[in-house]
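Here is the structure we will look at, set down as structure tokens.
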Amino acid sequence: MRIQLPIVGVDGAAHHGGRAALTCRFRCGDACFHEVPNTSANPYVGDVVAGALSRRTVMRAAAVVTAAAAVGASATVAAPEASAVGGHRGDRGARGLRFAPVAPNTADTVTIPDGYAQNVVIRWGEPILRGAPAFDPDRQTAEAQAGQFGYNNDFLALLPLHGEPHRQILVANHEYTDEVLMFRGYDPENPTRQQVEVAWAAHGLSAVVVEEDRRSGKLTPVPRHPLNRRVTATTEFRVTGPAAGSELLRTSADPTGRKVLGTLNNCSGGVTPWGTTLHGEENFNQYFAHATRATDKRYGLGSGATERKWERFDRRFDVAQEPNEPHRFGWVVELDPYDPTAAPRKRTALGRFKHEGATVRLTGDGRPVVYSGDDERFDYFYKFVGSKRMRKGAGRAVREHNLSLLDEGTLYVARLTGDSPAIEIDGTGKLPADGEFDGSGEWIPLATATAHGAVSHVEGMSAEEVFVFTRLAGDKVGATKMDRPEDIEPNPHTGKVYVALTNNSNRGVGSNPKPDEANPRVANKHGQILELTEHRGRADSERFAWSLFLVAGDPDDPATYFAGFPKDQVSPISCPDNVAFDPHGNLWISTDGNALGHHDGLFGVATRGDRRGELKQFLTMPKGAETCGPLVQDRRVLVSVQHPGEIDGATAEKPLSAWPDGPGRINRPAVVAVWRADGRDIGI
């Protein structure tokens with residue numbers, strides 16, 4: 001099944017993993033070339049295995065109990081995985097994954113399996129609001145962009161639109177801007193005010209109604225629909241939760257500390273059970289200049305000018321003038337797509353860090369649990385357990401109640417313990433003697449927010465400080481340093497939680513933390529997927545068991561692992577980033593920065609049954625593009641093709657990719673839909 005291309009060496013001086021230096025400049029401000037922000041002395045997993053051998057029996061027993069609870073909870077939800085031959089062209093595979101895998105490649109197109117079709121749903125610059133003009137790359141204005149689909153779409157959600165058959169609301173994040181690819185004649189040292197204001201308008205979020213072709217999976221936007229909306233870097237937001245009004249959030253423009261202009265670097269996100277969307281503000285640090293405080297350094301802010309030079313045009317991006325403005329970013333944003341007049345809200349109870357995203361499940365009694373990763377080398381992952389129950393219904397009072405659910409509850413950070421002796425974790429990725437990278441873990445409480453105030457659980461920090469400087473709180477309680485925690489997604493069938501750890505080329509290098517059982521490779525350039533099982537299957541538990549579900553890379557490399565599935569029957573994968581589940585409980589993984597010498601892609605992998613660990617590539621990206629925002633439905637797969645043509649040396653005048661509009665045309669990030677040409681369900 002597996003088709004392997006030659007592995008291309010990566011020049012570490014110019015790239016991180018398989019990522020172009022251009023990406024590093026504009027997406028994260030060259031974060032991977034700067035000093036690691038986390039200099040705490042927290043123990044790593046290999047340091048906390050005292051008594052590991054005696055604990056192993058207990059762990060195995062706990063895992064059996066937990067697995068039994070999970071099976072009991074999901075027995076009525078899904079049937080066992082089928083292994084009989086079936087599906088398109090006789091291809092074998094788990095239900096939902098019966099397609100001929102796409103071979104790794106470097107083609108300048110979205111490559112999909114035989115028997116499937118695709119369309120570009122919407123591109124950067126297409127008008128979605130009434131009065132917005134058609135896109136013209138040579139006549140861009142902030143006013144026009146504020147009515148057009150934004151740049152570098154990432155997270156995607158589709159929400160039902162009741163009363164309008166075959167229509168849904170598409171919500172997209174717009175993470176960052178590539179000015180050198182957007183503007184002809186762009187001078188990085190001297191951007192114009194117009195270019196800066198267009199970039200402000202190209203950030204943020206879009207909500208646009210889309211219509212389905214009944215005969216296929218094709219989607220087309222419905223421009224000027226009353227629910228269409230743009231949220232930009234200058235839209236007014238409400239700050240809610242325990243840090244709202246804090247002195248740490250007050251600025252000269254907002255002495256209340258309760259209003260913020262805009263949202264920046266929205267990466268992944270989630271959909272709530274009450275019908276809103278969540279959006280994680282990730283690499284916000286790169287937009288702020290002249291920072292000198294230790295707290296700023298812990299968040300990766302630099303002391304010099306920024307790449308985009310926004311501080312020249314708005315003082316709020318100059319920390320020397322507005323020291324609290326950075327504290328107003330790095331939050332989870334909640335948007336109500338059904339009310340285009342409602343101010344989006346920044347939820348401070350979920351903590352401030354580089355949120356890759358935020359995904360929600362409910363406890364048995366209906367309280368929200370939100371998982372989120374901090375996308376930084378040697379940083380942590382978190383969960384929030386709400387204290388208020390979701391209400392069912394459609395009335396205004398119910399809606400307002402549910403819109404307050406993320407303001408009260410307890411924020412936790414994860415600490416992991418390996419169950420193998422440290423000597424068995426040698427940094428090569430070789431499995432320990434028990435045959436698994438696994439162990440136990442605990443959720444350490446950081447702070448609790450209530451309607452009457454907030455309480456810190458971290459010695460030496462107030463509750464406000466915990467929520468605003470959450471990374472420092474994690475440092476103090478000894479959270480586990482991970483290899484870039486990104487998207488986190490609970491499996492709706494089993495309740496198990498999957499954490500994408502993209503890579504960490506600094507692991508075990510120099511004085512940086514050594515490999516441990518959860519992060520087992522030195523100079524880890526391919527990443528891994530961690531599978532977490534909450535104790536007794538309870539989402540609000542403070543204990544969990546964990547194991548590495550996938551250790552990514554070339555299957556021919558002995559350092560890789562695919563949940564025990566035969567490695568000669570899987571696709572190669574590198575740098576897992578966003579994850580999602582299909583209706584059958586298969587995990588779908590998009591990649592960012594493939595370090596194997598071929599383009600990023602989207603992969604499906606079975607999480608249970610006799611094909612557990614069978615991983616198959618579904619599509620690949622064009623030149624320079626990253627796979628984002630996967631959304632897998634019965635009959636359709638949606639992906640964001642982010643930053644096509646983002647290749648070192650590319651400019652708006654000389655694009656190095658021809659996608660999506662042909663040679664010589666400006667590259668435009670876009671959303672792509674894929675479906676089976678025969679109209680049947682995906683992978684059946």
Side-chain angles (χ1 to χ4, degrees), residues 27-29 31 34 37-38 154-155 173 175-176 203-205 231 233 237-244 246 248-251 254 257-270 278-289 291 293-302 306 310 316-317 319 322-334 344-358 370-377 379-382 384 406 411 413 446-447 449 461 463-475 479 484-488:
R27 195 254 297 283
C28 60
H34 295 161
N38 190 351
D154 196 304
F155 167 73
N173 282 358
E175 187 175 3
Y176 68 100
H203 278 71
L205 319 171
V231 173
F237 282 69
R238 286 178 54 191
V239 182
T240 71
S246 166
L248 294 169
L249 269 66
R250 298 175 188 174
T251 66
D254 172 35
R258 296 180 180 272
K259 296 179 181 179
V260 175
L261 289 184
T263 184
L264 298 171
N265 214 266
N266 299 94
C267 194
S268 191
L278 302 181
H279 310 267
E281 295 182 322
E282 192 185 27
N283 292 299
F284 67 91
N285 57 296
Q286 65 173 305
Y287 301 94
F288 295 95
R293 297 167 299 188
T295 52
D296 293 332
K297 186 175 182 180
R298 180 65 181 87
Y299 279 82
L301 277 71
T306 65
W310 288 3
R316 69 187 177 119
F317 296 108
V319 180
E322 290 290 353
N324 284 347
E325 189 69 25
H327 302 161
R328 295 147 65 84
F329 295 86
W331 304 103
V332 171
V333 169
E334 185 170 14
R345 311 180 192 203
K346 297 199 177 188
R347 301 297 193 187
T348 62
L350 304 186
R352 174 176 166 265
F353 46 89
K354 290 186 179 182
H355 289 271
E356 168 72 17
V370 184
Y371 296 93
S372 193
D374 186 351
D375 184 10
E376 187 77 73
R377 297 161 295 165
D379 257 295
Y380 316 128
F381 63 94
Y382 302 79
F384 167 84
L406 301 184
L411 180 64
V413 68
L446 298 178
M461 295 183 74
E464 285 183 8
E465 290 171 334
V466 169
F467 289 113
V468 176
F469 303 122
T470 310
R471 281 185 169 179
L472 278 75
D475 296 344
R484 288 187 58 205
E486 299 247 13
D487 209 1
I488 304 177

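These numbers come from the heavy atoms of this one structure, side chains and all, not from hydrogens, waters or symmetry mates.
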Note to self: I want to check something: taking the side chain as every heavy atom from C-beta on, are E486 and S268 in contact at a cut-off of under 4.5 Å?
What the structure shows: no
Checklist line | A243 versus T348, closest heavy-atom pair with distance | finding: N-OG1, 3.0 Å
Check: Is a donor on one side and an acceptor on the other found under 3.5 Å between the side chain of H327 and the backbone of L248?
Finding: yes
Item checked: Nearest atoms (heavy-atom pairs only) where A447 meets V466 -> CB-CG1, 3.7 Å
Note to self: Is there a side-chain contact (heavy atoms from CB on, under 4.5 Å) between F155 and N266? Walk through the geometry before answering.
What the structure shows: CA-CA 8 Å; F155 167 73; N266 299 94; over 6 Å; no
Check: Looking only at heavy atoms, what is the nearest atom pair of V333 and P344, with distance?
Finding: CG1-CB, 4.1 Å
Item checked: Derivation and outcome, side-chain contact (heavy atoms from CB on, under 4.5 Å), residues W331 and V468 -> CA-CA 9 Å; W331 304 103; V468 176; 4.2 Å; yes
Next item on the list: Identify whether the distance between the nearest side-chain nitrogen and carboxylate oxygen of K259 and D254 falls below 4.0 Å.
Entry: no
Check: Under the 3.5 angstrom rule, does the side chain of K346 hit a backbone N or O of T240 as a donor-acceptor pair?
Finding: no
Margin query: Using side-chain heavy atoms (C-beta onward) and a distance below 4.5 Å, is F353 in contact with S372?
Written below: yes
Next item on the list: May I have the step-by-step check of salt bridge (Lys or Arg N to Asp or Glu O under 4.0 Å) for D379 and K354, ending in yes or no?
Entry: CA-CA 10 Å; D379 257 295; K354 290 186 179 182; over 6 Å; no
Check: For the atom pair CD (E334) and CG (L350), what is the distance rounded to the nearest 0.5 Å?
Finding: 9.0 Å
Item checked: Residue pair V239 / R345, side-chain heavy-atom distance below 4.5 Å -> no
Checklist line | Under 3.5 Å side-chain donor-acceptor pair for T263 and E281 | finding: yes
Check: If every non-hydrogen atom of P326 is compared with every non-hydrogen atom of V319, which pair is closest and at what distance?
Finding: CG-CG2, 3.7 Å
Checklist line | N-O pairing of D374 and R484 below 4.0 Å | finding: no
Margin query: Evaluate Y287 against H203 for side-chain contact (heavy atoms from CB on, under 4.5 Å), listing each step before the verdict.
Written below: CA-CA 12 Å; Y287 301 94; H203 278 71; 3.0 Å; yes
Margin query: Working to the nearest 0.5 angstrom, can you tell me the gap between L446 CG and L472 CG?
Written below: 11.5 Å
Check: Counting N and O atoms only, with roles assigned by atom type, does the side chain of R328 sit under 3.5 Å from a partner on the main chain of R258, one being a donor and the other an acceptor?
Finding: no
Note to self: Would you call the rings of Y299 and F284 parallel, tilted or perpendicular, taking 30° and 60° as the class edges?
What the structure shows: tilted
Checklist line | Minimum side-chain heavy-atom gap P37-R471 below 4.5 Å | finding: yes
Item checked: Gap separating the CG atom of L406 from the CG atom of L278, nearest 0.5 angstrom -> 6.0 Å
Notebook entry, point to check: Q286 versus N265: any side-chain heavy-atom pair under 4.5 Å?
Noted result: yes
Check: Can any side-chain N or O of N173 pair as donor or acceptor with the backbone N or O of C267 at less than 3.5 Å?
Finding: yes
Checklist line | Any donor-acceptor N/O pair, T470 side chain to G351 backbone, under 3.5 Å | finding: no
Check: Just wondering, are more than 12 heavy atoms of other shown residues or ligands nearer than 6.0 Å to CZ in R250?
Finding: yes
Next item on the list: For the residue pair F288 and E325, establish whether any side-chain heavy-atom pair is separated by less than 4.5 Å.
Entry: yes
Notebook entry, point to check: Out of curiosity, F237 CZ to L261 CG, how far, rounded to the nearest 0.5 Å?
Noted result: 9.5 Å
Notebook entry, point to check: What pair of heavy atoms forms the shortest contact from V413 to G474, and how long is it?
Noted result: CG1-CA, 4.5 Å
Check: Given L264 and W310, is the side-chain contact (heavy atoms from CB on, under 4.5 Å) satisfied, shown in steps?
Finding: CA-CA 13 Å; L264 298 171; W310 288 3; 3.8 Å; yes
Margin query: Quick one about Y176 and D154 (side-chain donor to acceptor, distance below 3.5 Å, no hydrogens or angles considered), yes or no?
Written below: no
Check: Can you name the closest pair of heavy atoms from A358 and V370 and give their distance?
Finding: CB-CG1, 3.7 Å
Notebook entry, point to check: With no hydrogens and no angle check, do the side chains of E464 and S246 hold a donor and an acceptor under 3.5 Å apart?
Noted result: yes
Checklist line | Side-chain touch F467/R352, heavy atoms, less than 4.5 angstrom | finding: no
Notebook entry, point to check: Does the side chain of N38 come within less than 4.5 Å of Y380's, by heavy atoms?
Noted result: yes
